[in-house]
Amino acid sequence: LAAAPSLDAIGPDAAPPVIECEPPPKALLDRLAEDVLAEDRRLREEQVNSRGPMFSTALCHLVYALSAMVPSHPQDAASLPSVRGAAFSQLMKVQQIIAQSLRSQDLYDAADGERAKLFLYIRAMGCIKLSLRVVTGSWYASDVGARFVVTEQGGRDFIQYCTKHIIQVHNSKTAVTRLLGTPWERAMLAQGPTETIAELLLMVCSSDANLAELGRLGGDKALHALSHHAERPAIRQQATMLLSKLAVLKG
């Protein structure tokens, strides 16, 4: 029998590549982000009283494609409002599920039949984790977080999202939910973007100008919540230091 070349082999014995592609164009980032937002909009319009599918297979594929493109153009991904909006629109769903106490049954897709619960978990975790990859792959890789200016386009929206998310997640009610909540609620809290969002907010606030703008937008409440309820001591300590610094800037 003829031996097939190994896919792991290197050199002349290696299997030939099926196809060689050029890096994806930057314009595709914006197009994919718009498609993510369009699919998200379709899902919301089909819901009735916030009941109905919040995630879909098509949405998973689109967010995956977006996250796969980010390493090729991290700076552009970090600066495009559409990409930020596409990623944060998925992360905000964790906030919505916890705040409205939505059960997993409320988000089932009837077309999935008996496997509705399994598919919901797969789609939800996939969209959330991939969206986190979009955020971390662009903001961290391009070091944009350290150079971010709140007054830029979309900057205030980003700060308001971070503030709202952190306040809703870091409180006594959420602490109880982590212990006594349903498996669905605990999964959302455990797999959600909370720690990443907290780290991004603290990174942005390393600038005095951003920290002062955060205070004007009511972000000091988020820092207060982190200083008291964050799980990692390092985050609690950094939030406390920024609160003290903000008090000095206000004074």
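Here, residue 1 is the first one in the sequence, and each next residue gets the next number. Because only heavy atoms are used, hydrogens play no part in the values below, and waters and symmetry mates are left out as well, while side chains stay in.
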Practice task
Find out if a path of hydrophobic residues (ILVMFWY) with successive side-chain heavy-atom gaps under 4.5 Å connects L217 to L242.
Solution key: yes

Handout entry: Gap separating the CD atom of Q75 from the CG atom of L80, nearest 0.5 angstrom
Key = 10.0 Å

Handout entry: Straight-line distance of C205 SG to Q238 CD, nearest 0.5 Å
Key = 9.0 Å

Handout entry: Crowding at OH, Y121 (>12 non-hydrogen neighbours, <6.0 Å)
Key = yes

Practice task
Could you tell me which non-hydrogen atom of S227 sits nearest to which non-hydrogen atom of T240, and how far apart they are?
Solution key: CB-OG1, 3.3 Å

Practice task
Go through the steps to decide whether L66 and L29 satisfy the test side-chain contact (heavy atoms from CB on, under 4.5 Å), and finish with yes or no.
Solution key: CA-CA 7 Å; L66 185 62; L29 269 175; 3.8 Å; yes

Problem - Short side-chain donor-acceptor distance under 3.5 Å, R123 and T57 - result: yes

Handout entry: Cluster link F88 to M125, ILVMFWY, side chain under 4.5 Å
Key = yes

Handout entry: N/O donor-acceptor pair under 3.5 Å between R84 side chain and A78 backbone
Key = yes

Handout entry: Distance in Å, L223 CG paired with L214 CG, rounded so as to fall on 0.5 Å steps
Key = 5.5 Å

Handout entry: Criterion side chain to side chain contact (heavy atoms under 4.5 Å, CB included) against C127, the qualifying member of L62, I122, L59
Key = L59

Exercise for the section: Could you tell me whether the side chains of K93 and Q90 share a donor-acceptor contact shorter than 3.5 Å? Expected result: yes

Exercise for the section: State, with a plain yes or no, whether a side-chain heavy atom of H224 is found less than 4.5 Å away from one of D220. Expected result: no

Practice task
Take Y108 and Q105, measure what side-chain contact (heavy atoms from CB on, under 4.5 Å) needs, and give me the verdict at the end.
Solution key: CA-CA 5 Å; Y108 285 173; Q105 299 94 307; 4.0 Å; yes

Exercise for the section: Looking only at non-hydrogen atoms, find the nearest pair between V70 and S138 and report the distance. Expected result: CG1-N, 3.6 Å

Practice task
Treating Ile, Leu, Val, Met, Phe, Trp and Tyr as nodes and any side-chain heavy-atom pair under 4.5 angstrom as an edge, say whether I98 and M92 lie in one connected cluster.
Solution key: yes

Practice task
Decide if atom NZ of K164 counts as having more than 12 heavy atoms of other residues, nucleotides or ligands within a radius under 6.0 Å.
Solution key: no

Exercise for the section: For E185 and S101, work out which heavy atoms get closest and say how close. Expected result: OE2-CA, 4.3 Å

Exercise for the section: Give a yes or no on whether a salt bridge exists between R103 and D106, defined as a side-chain N under 4.0 angstrom from a carboxylate O. Expected result: yes

Exercise for the section: Report, as yes or no, whether the 6.0 Å neighbourhood of atom CD on Q237 holds more than 12 heavy atoms from other residues, nucleotides or ligands. Expected result: no

Problem - Transitive ILVMFWY side-chain link V63 to L28, under 4.5 Å - result: yes

Handout entry: Pair E39 + R42, salt bridge at N-O below 4.0 Å
Key = yes

Completion exercise
In this structure, CD of E199 is separated from SG of C162 (nearest 0.5 Å) by 12.0 Å

Problem - CG on L32 to CG on L37, rounded to 0.5 Å - result: 11.0 Å

Problem - Hphob cluster co-occupancy, I167 + I159, side-chain heavy atoms under 4.5 angstrom - result: no

Handout entry: Neighbour count >12 (heavy atoms, 6.0 Å) for atom CZ, R115
Key = no

Problem - R216 with E213: basic N within carboxylate O range, under 4.0 Å - result: yes

Exercise for the section: Return the minimal non-hydrogen interatomic distance between S104 and W184, and the atom names on each side. Expected result: N-CD1, 3.5 Å

Problem - side-chain contact (heavy atoms from CB on, under 4.5 Å) between L107 and I97, intermediate numbers included - result: CA-CA 10 Å; L107 306 177; I97 289 168; 4.0 Å; yes

Fill in the blank from the handout: Nearest heavy-atom approach of L226 to A239 is CB-CB, 3.7 Å

Handout entry: D109 and L120: CA distance, side-chain angles, deciding distance, side-chain contact (heavy atoms from CB on, under 4.5 Å) verdict
Key = CA-CA 8 Å; D109 188 338; L120 170 63; over 6 Å; no

Completion exercise
One should read off an interatomic distance between S82 OG and D30 CG, to the nearest 0.5 angstrom, of 3.5 Å

Completion exercise
Shortest non-hydrogen pair, G137 vs P74, comes out as O-CB, 3.7 Å

